[in-house]
Amino acid sequence: MKEKTLKDVHAGIREFYTRAVDFERKENWEFAISCMLEAVMRVPAFSEARQKLRSYEKQFTKKFKSLQFSVQVKTYFAMGKIKKLTKTSPLDAVNECEKLLALNLNNPQILQALADAALKADASAIAIDALQVLHDYQPNNVAVMRKLAACYRADGQAQEALKVYQYLASKNPKDKKIQNELREASAFATQQKTAWEKESLASHGKSVKDDALTIQLAEGTLRDADHAKTLIKLYTKELAEKDSDEMRKKLAEAYIVIGDYDKAIENLEIVAGNLPALDPTLDKQIERTYLAKYNLIVDELRKKAAADPSLRGNLQEAEDFLMEFRIEKAEARSRAYPVEAALHFDLASIYADAKRYDDAARELAEASKSPQRRTQSLALLGRCACEQGKYEEAIQYCDEALTEMVRMDRHKFAVMYDRASSLAALNRNDEALAAFQEIYRNNAKFKDVAERIKTLGGEA
């Protein structure tokens, strides 16, 4: 089933969508749900409406937990009908499930039934959505994660499937079946990436050299300004013949390489204006481009302030502006997609940089519900607690994160360092020394571990 956006649906459906958004602003979840449910039931492939509907249902379910028993009764009587419809008319089964989820989203039986009906209707996006919600409510349900990974793979989302299997494998290192599934998922992801690269090399009237430059641009490995200028000429010519959002994004990337951030922003904002709703990935790209532009100004001011102390106030003001800009953009993305764990984590990271630790903790509580963000969230919670002087709490978070971190890389060293620092702050010197020495054995140049070891009376 091909997904539809706001631009693809007729005016009547857009009216339901708009009305629901109005109720959302007033936090009238019941009416917001009823309007958005109409849009979703009339156009099941309307993905933007379904995403909004899920966020409303989540709020409603949180607020009215007392409805759970009545929903259980309705679920019991509805399951027979839903199972029959799944076999004969799966889209009708999908709609029956949506009616019940509108009453209470935390309904595992109906979420499973919705996934099954959606798969029967060849609507993998709906099935994935249902299983993601179910996973949010049952984060340790291995069967749900396996089914979700299988749906990702069937939908061609090899990287997402691989992330789930990596998490399962880290939790079940001795389970041979899961380890085999991880290897298969890894192989599939590699095959898909290779296929994409080959497809991107197919010539459409461009030279092989231009194709190679385009691939470098997409991978972020294009650094040569002259090569970027070649692509700018090529893309500008193609845009003159036919306007294309994808071409504008490529053109923007090329402008970024040569440092023409204003032109890059101009093209990216044209693309954003053509979309019916905020695209988080595109919005981040626009933000990064603005930051690259602003950072040039701040770096210059930083040099001047080093020579002239009277400019330090101006420098602080500029740095505060950059931080507020980052926070504002991240908050807007998180509001637009409240169920996206990655956006909650991004916002938490920025809050942590701004030393707004309580705000960071709130966002990390949401992000940690996702298996893909759980370990990172625990690690950042540990860092925040350590910086706040909550050392016992920091150690607890770090220990939890470390049990899930397999590779000895810079991310794991950072968590080990925060844990060791917290132990030292609590005067648990023997444990702190052993912790710093473990980091040193694996990476002697990590931060100031050698100095910390000497301070604690040990030998590096």
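Note that the numbering runs from 1 along the sequence shown for the chain.
- Interatomic distance, CG of L168 versus NZ of K177, reported as 11.5 Å (0.5 Å rounding).
- Heavy atoms of other residues, nucleotides or ligands lying less than 6.0 angstrom from CZ of F345 number more than 12.
- The backbone N or O of L6 lies less than 3.5 Å from a partner atom in the side chain of E48, making a donor-acceptor pair.
- Among the candidates E363, E287, E340, the single residue satisfying the salt bridge (Lys or Arg N to Asp or Glu O under 4.0 Å) test with R333 is E287.
- Scanning all heavy atoms of the two residues, the minimum distance from A102 to I33 falls at CB-CG2, 3.6 Å.
- Under the salt bridge (Lys or Arg N to Asp or Glu O under 4.0 Å) test applied with E96, the options K83, K81, K74 reduce to a single match, K81.
- Partner T375 forms a side chain to side chain donor-acceptor pair (under 3.5 Å) with one of E404, E400, H411 and no other, that one being E404.
- Here the side chain of S170 pairs a donor or acceptor atom with the backbone of Y167 at under 3.5 angstrom.
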- [ ] Kindly indicate, with the supporting measurements, whether the criterion side chain to side chain contact (heavy atoms under 4.5 Å, CB included) is fulfilled by R326 and M323.
- [x] CA-CA 5 Å; R326 292 175 62 204; M323 181 58 72; 3.8 Å; yes
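- Annotation: side chain of R54 is in contact with side chain of L101 (closest heavy-atom distance under 4.5 Å).
- Among all heavy-atom pairs drawn from A125 and E3, the shortest one is CB-OE2, 3.2 Å.
- Between S377 and S368, the shortest heavy-atom contact is OG-N, 3.6 Å.
- Residues D430 and R428 form no side-chain contact, since every pair of their non-hydrogen atoms from C-beta on lies 4.5 Å or further apart.
- Between Y290 and F325, the ring planes lie perpendicular to each other; the angle is over 60°, past the 30° to 60° tilted range.
- Panel note: side chain K412, backbone M405; a donor-acceptor pair is recorded below 3.5 Å.
- The structure places CG of D136 at 11.0 Å from CG of L131, a figure rounded to the nearest 0.5 Å.
- With D155 contributing its side chain and C151 its backbone, the two residues share no donor-acceptor pair below 3.5 Å.
- Counting heavy atoms of neighbouring residues, nucleotides and ligands inside a 6.0 Å radius, atom CG of D320 exceeds 12 of them.
- Closest non-hydrogen pair, L148 versus I128, comes out as CD1-O, 3.9 Å.
- Looking at D448, its side chain never comes within 3.5 Å of a backbone N or O of E451 through a donor-acceptor pair.
- Screening L364, I327, D346 for a side chain to side chain contact (heavy atoms under 4.5 Å, CB included) with Y351, the sole residue that qualifies is I327.
- Within a 6.0 Å radius of CZ in R312, other residues, nucleotides and ligands contribute 12 heavy atoms or fewer.
- To the nearest 0.5 Å, atom CG of residue N429 and atom CZ of residue F436 are 10.0 Å apart.
- Across all non-hydrogen atoms, the minimal contact from K369 to P139 is O-CB, 4.3 Å.
- The number of heavy atoms from other shown groups lying within 6.0 Å of OH (Y294) is above 12.
- Of the possible donor and acceptor atoms, one in the side chain of S55 sits under 3.5 Å from a partner among the backbone N and O of K52.
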Open item on the list: Please evaluate residues R146 and V164 with respect to the criterion side chain to side chain contact (heavy atoms under 4.5 Å, CB included), reporting the C-alpha separation (whole Å), side-chain torsions for both, the decisive distance (0.1 Å), and the verdict.
Closed with: CA-CA 8 Å; R146 268 195 166 127; V164 178; over 6 Å; no
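- The CG atom of L296 sits 12.5 Å away from atom CG of L301, with the distance rounded to the nearest 0.5 Å.
- Annotation for K303: atom NZ does not count as buried by contact number, only 12 or fewer foreign heavy atoms lying within 6.0 Å.
- Residues passing the side-chain hydrogen bond (donor to acceptor under 3.5 Å, both in side chains) test with E319, sequence neighbours excluded: R302.
- A93 and I82 get closest at one heavy-atom pair: CB-O, 3.8 Å.
- The aromatic rings of Y56 and W29 sit tilted, their planes meeting at an angle between 30° and 60°.
- Between Y261 atom OH and N295 atom CG the span is 9.0 Å, to the nearest 0.5 Å.
- Looking only at side-chain heavy atoms (C-beta outward), L282 and I286 come within less than 4.5 Å of each other.
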Open item on the list: Working note: M36 + Y17, criterion side chain to side chain contact (heavy atoms under 4.5 Å, CB included); need CA distance, chi angles, decisive distance, verdict.
Closed with: CA-CA 6 Å; M36 201 63 81; Y17 183 93; 3.6 Å; yes
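- A donor-acceptor pair under 3.5 Å is absent between the side-chain atoms of H344 and the main chain of S334, judged by distance alone.
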Task: Steps toward side-chain hydrogen bond (donor to acceptor under 3.5 Å, both in side chains) verdict (E24, Q59) - done: CA-CA 10 Å; E24 174 193 353; Q59 294 292 339; over 6 Å; no
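- The closest side-chain heavy-atom distance from N140 to M145 is not below 4.5 Å.
- With R50 contributing its side chain and P44 its backbone, the two residues share a donor-acceptor pair below 3.5 Å.
- Taking 4.5 Å as the limit, some side-chain heavy atom of M79 sits within range of a side-chain heavy atom of I110.
- Side chain of Y337 to backbone of Q51: no donor-acceptor contact under 3.5 angstrom is found.
- With a 4.5 Å cut-off on side-chain heavy atoms, R19 and E38 do not count as touching.
- The shortest side-chain heavy-atom distance between V449 and E438 does not fall under the 4.5 Å cut-off.
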Open item on the list: The test is side chain to side chain contact (heavy atoms under 4.5 Å, CB included); show your working for R452 and K447 and say whether it passes.
Closed with: CA-CA 10 Å; R452 298 295 294 270; K447 292 189 176 182; over 6 Å; no
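- Listed by first and then second residue, the salt bridge (charged side-chain N to carboxylate O under 4.0 Å, His left out) pairs involving residues 112-127 are D116-K147 (not counting sequence neighbours).
- Proximity of Q157 to K163: side-chain heavy atoms (C-beta onward) are nowhere separated by under 4.5 Å.
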Scan the side chains in residues 385-394 for donor-acceptor partners under 3.5 Å anywhere in the protein, sequence neighbours excluded, and list what turns up.
| residue | atom | partner | partner atom | Å |
| --- | --- | --- | --- | --- |
| E387 | OE1 | Y357 | OH | 2.4 |

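- No hydrogens or angles considered: a donor-acceptor pair under 3.5 Å links the side chains of R373 and Q376.
- Rounded to the nearest 0.5 angstrom, L53 CG and S34 OG are separated by 10.0 Å.
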- [ ] Take K249 and E246 through the test salt bridge (charged side-chain N to carboxylate O under 4.0 Å, His left out) and record every step on the way to the result.
- [x] CA-CA 5 Å; K249 285 193 273 189; E246 285 304 312; 3.0 Å; yes
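- Annotation: K58, atom NZ; neighbour count of heavy atoms from other residues, nucleotides and ligands within 6.0 Å is above 12.
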